[in-house]
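A short write-up of the structure that comes next.
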Amino acid sequence: MKNKTVLITGASKGIGFALSLKMLSEGYFVIGTSRTGVIQSVAHENFLPIALDITRTESINKAHQLLLDRFDTIDSIINNAGIGTDLNQLTPDQDSFDSTFAVNVRGVVFFTEPLLDLLSKKGSIIMISSKMGSVGTCVAPDSVAYRMSKSAINMYTKILANRFSDHYRVAAVHPGYVKTAISETAKVHGRLTPEQSAENIFTFLESDFRTGVFWDSEAGTELTW
Ligand SMILES: NC(=O)c1ccc[n+]([C@@H]2O[C@H](COP(=O)([O-])OP(=O)(O)OC[C@H]3O[C@@H](n4cnc5c(N)ncnc54)[C@H](OP(=O)(O)O)[C@@H]3O)[C@@H](O)[C@H]2O)c1
């Protein structure tokens with residue numbers, strides 16, 4: 001049987017890296033992106049590293065062309081690349097705001113749109129969001145750009161789920177509080193290893209999930225938008 005193909009952005013480290021290894025071990029063909037295009041720590045015949053800086057149109061176009069040349073279809077897209085430069089910061093600053101929106105929102109939208117034609121008819125798109133983007137449950141005063149960027153990507157998830165209600169399945173997934181380099185506090189206080197988070201995300205991806213859902217993969221429950 002042909003391997004299923006998954007595209008994972010931000011596969012060089014953290015959750016994207018662990019998820020790449022998990023999906024390779026489950027028999028997927030994995031296309032993993034990083035800005036350098038080199039991910040030396042994953043040496044596997046079913047792994048294709050490609051260069052992508054999601055903030056640069058030229059880089060997005062190049063990555064798209066490579067994908068169109070090499071693949072007839074992709075079964076899943078996992079939009080995982082993300083930054084959190086104002087995490088835990090009380091007030092917003094313009095540099096963090098611009099860079100966070102460039103990666104977490106603008107980058108995700110304009111990387112995903114032209115790829116939709118490549119997605120197989122029963123394909124799925126997972127946005128690695130965060131429960132910090134939940135408007136309904138927010139009681140915190142901090143991380144303005146990060147929280148707002150994840151709320152925006154939640155809205156994009158809903159829009160895509162509405163647009164493709166008859167074939168693709170689209171979901172926003174909170175990966176849990178994970179020990180990664182996204183912030184100093186996550187590195188120290190994260191409850192999950194990237195490997196544990198990857199297991200949970202994989203379980204969700206393989207499940208019979210409802211399109212348009214916002215899912216907490218650490219708790220295994222639905223989240224409030
Ligand atoms: N860690 C947590 O507790 C937590 C909680 C909730 C949600 N999340 C979300 O989970 C996702 C993964 O985060 P992580 O914790 O694994 O962080 P991480 O270890 O810092 O990894 C971030 C990934 O994003 C990529 N990236 C950064 N800027 C990019 C750009 N301009 N273009 C393309 N790729 C870029 C990085 O690739 P390069 O090699 O190119 O730098 C890296 O692979 C993010 O969307 C984050 O918001 C994390």
Side-chain angles (χ1 to χ4, degrees), residues 7-22 30-42 47 49-64 77-88 95-96 98-112 115 125-134 137-138 140 143 145-154 156-157 171-198 200-201 204 214-219 223:
L7 169 70
I8 303 175
T9 65
S12 58
K13 57 186 177 181
I15 297 164
F17 176 73
L19 194 54
S20 298
L21 294 183
K22 170 67 186 167
V30 177
I31 307 156
T33 82
S34 73
R35 277 174 291 183
T36 60
V38 180
I39 306 178
Q40 269 165 344
S41 35
V42 188
F47 184 68
I50 67 169
L52 174 70
D53 182 339
I54 212 164
T55 63
R56 294 180 45 237
T57 303
E58 192 193 7
S59 174
I60 289 178
N61 291 344
K62 241 173 144 174
H64 281 149
I77 299 170
I78 302 186
N79 279 314
N80 164 76
I83 60 171
T85 45
D86 80 337
L87 276 166
N88 307 314
D95 286 348
S96 282
D98 291 348
S99 58
T100 301
F101 270 72
V103 176
N104 295 8
V105 184
R106 187 181 188 283
V108 174
V109 172
F110 292 103
F111 178 64
T112 304
L115 272 189
I125 306 170
I126 304 290
M127 309 292 179
I128 300 298
S129 178
S130 169
K131 65 179 177 188
M132 288 180 72
S134 166
T137 60
C138 184
S143 315
Y146 186 76
R147 287 181 192 281
M148 289 177 68
S149 75
K150 294 302 186 182
S151 306
I153 221 59
N154 286 352
Y156 184 48
T157 303
V173 172
H174 170 65
Y177 192 22
V178 190
K179 284 187 187 298
T180 71
I182 195 158
S183 73
E184 280 308 313
T185 46
K187 211 185 289 176
V188 176
H189 299 294
R191 282 183 297 271
L192 302 179
T193 63
E195 291 72 25
Q196 289 168 325
S197 177
N200 295 338
I201 296 166
F204 174 77
F214 183 20
W215 188 257
D216 182 341
S217 67
E218 181 177 0
L223 285 163

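Order of listing sets the numbers, starting from 1, for every ligand and every atom in it.
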Please report which non-hydrogen protein atom sits nearest to [atom], along with the residue it belongs to and the distance in Å to one decimal place.
| atom | result |
| --- | --- |
| atom 22 (C) of ligand 1 | Gly82 O, 3.6 Å |
| atom 10 (O) of ligand 1 | Ile128 CG2, 3.2 Å |
| atom 36 (C) of ligand 1 | Ser12 OG, 4.0 Å |
| atom 26 (N) of ligand 1 | Ala81 CB, 4.0 Å |
| atom 33 (C) of ligand 1 | Leu52 O, 3.3 Å |
| atom 5 (C) of ligand 1 | Gly176 O, 3.2 Å |
| atom 19 (O) of ligand 1 | Gly14 CA, 3.5 Å |
| atom 12 (C) of ligand 1 | Asn80 OD1, 3.1 Å |

Using a 3.5 Å cut-off on N or O atoms only, is [X] in polar contact with ligand 1?
| X | value |
| --- | --- |
| Lys150 | yes |
| His174 | no |
| Gly10 | yes |
| Ser130 | no |

Is it true that a side-chain atom of [X] and a backbone atom of [Y] form a donor plus acceptor pair closer than 3.5 Å?
| X | Y | answer |
| --- | --- | --- |
| Asn79 | Thr112 | no |
| Lys179 | Val188 | yes |
| Lys150 | Ile128 | yes |
| Ser59 | Asp53 | yes |
| Thr157 | Ala171 | no |
| Glu218 | His174 | no |

So, 4.0 Å and heavy atoms of Pro194: is ligand 1 close enough to count as a contact?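 False for this residue.
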Taking only non-hydrogen atoms of Ser129, do any sit less than 4.0 angstrom from ligand 1?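 It does; at least one heavy atom falls under 4.0 Å.
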Relative to the heavy atoms of Tyr177, which atoms of ligand 1 are at a distance of less than 4.0 Å?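 Ligand 1 atoms under the 4.0 Å threshold to Tyr177: 3 (O).
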Any idea which atoms of ligand 1 are less than 4.0 Å away from a heavy-atom of Ile15?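 Numbered from 1, ligand 1 contributes 10 (O), 15 (O), 16 (O), 48 (C).
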Using heavy-atom distances only, which candidate in [options] approaches [atom] most closely?
| atom | options | answer |
| --- | --- | --- |
| atom 3 (O) of ligand 1 | Val178, Ile60, Ile201, Asp53 | Val178 |
| atom 13 (O) of ligand 1 | Ile54, Ile182, Thr55 | Ile182 |
| atom 27 (C) of ligand 1 | Thr36, Leu19, Ile83, Asn79 | Ile83 |
| atom 30 (C) of ligand 1 | Met132, Arg191, Glu218, Arg35 | Arg35 |

Taking heavy atoms and a distance under 4.0 Å, where does [X] meet ligand 1: side chain, backbone, both or neither?
| X | answer |
| --- | --- |
| Val103 | side chain |
| Tyr146 | side chain |
| Thr180 | side chain |
| Pro175 | side chain |

Looking at Lys22 and Glu195, is there a salt bridge between them, counting it only when a charged N and a carboxylate O are closer than 4.0 Å?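 Salt bridge absent between Glu195 and Lys22.
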Phe17/Ile8 under side-chain contact (heavy atoms from CB on, under 4.5 Å): CA gap, chis, key distance, verdict: CA-CA 9 Å; Phe17 176 73; Ile8 303 175; over 6 Å; no
Does the side chain of Ser217 come under 3.5 Å of the side chain of Asn200 through a donor N or O and an acceptor N or O?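 Short answer, no.
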In terms of side-chain heavy atoms, does Asn80 have a donor or acceptor partner in Thr9 at a distance below 3.5 Å?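 No, Thr9 and Asn80 have no side-chain donor paired with an acceptor closer than 3.5 Å.
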Ser96 vs Asp86, side chain to side chain donor-acceptor pair (under 3.5 Å): CA-CA, chis, key distance, verdict: CA-CA 6 Å; Ser96 282; Asp86 80 337; 5.8 Å; no
Indicate, with yes or no, if the rings of Phe111 and His64 have centres closer together than 6.0 Å.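 So the answer is yes for these two rings.
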Which is it for Ser129 and Asn154 under the side chain to side chain donor-acceptor pair (under 3.5 Å) test, yes or no, and what are the steps along the way? CA-CA 7 Å; Ser129 178; Asn154 286 352; 2.7 Å; yes
Assess the residue pair Ile201 and Ile15 against the criterion (side-chain contact (heavy atoms from CB on, under 4.5 Å)); give the C-alpha distance rounded to whole Å, side-chain angles, the decisive distance to 0.1 Å, and a yes or no. CA-CA 9 Å; Ile201 296 166; Ile15 297 164; 3.7 Å; yes
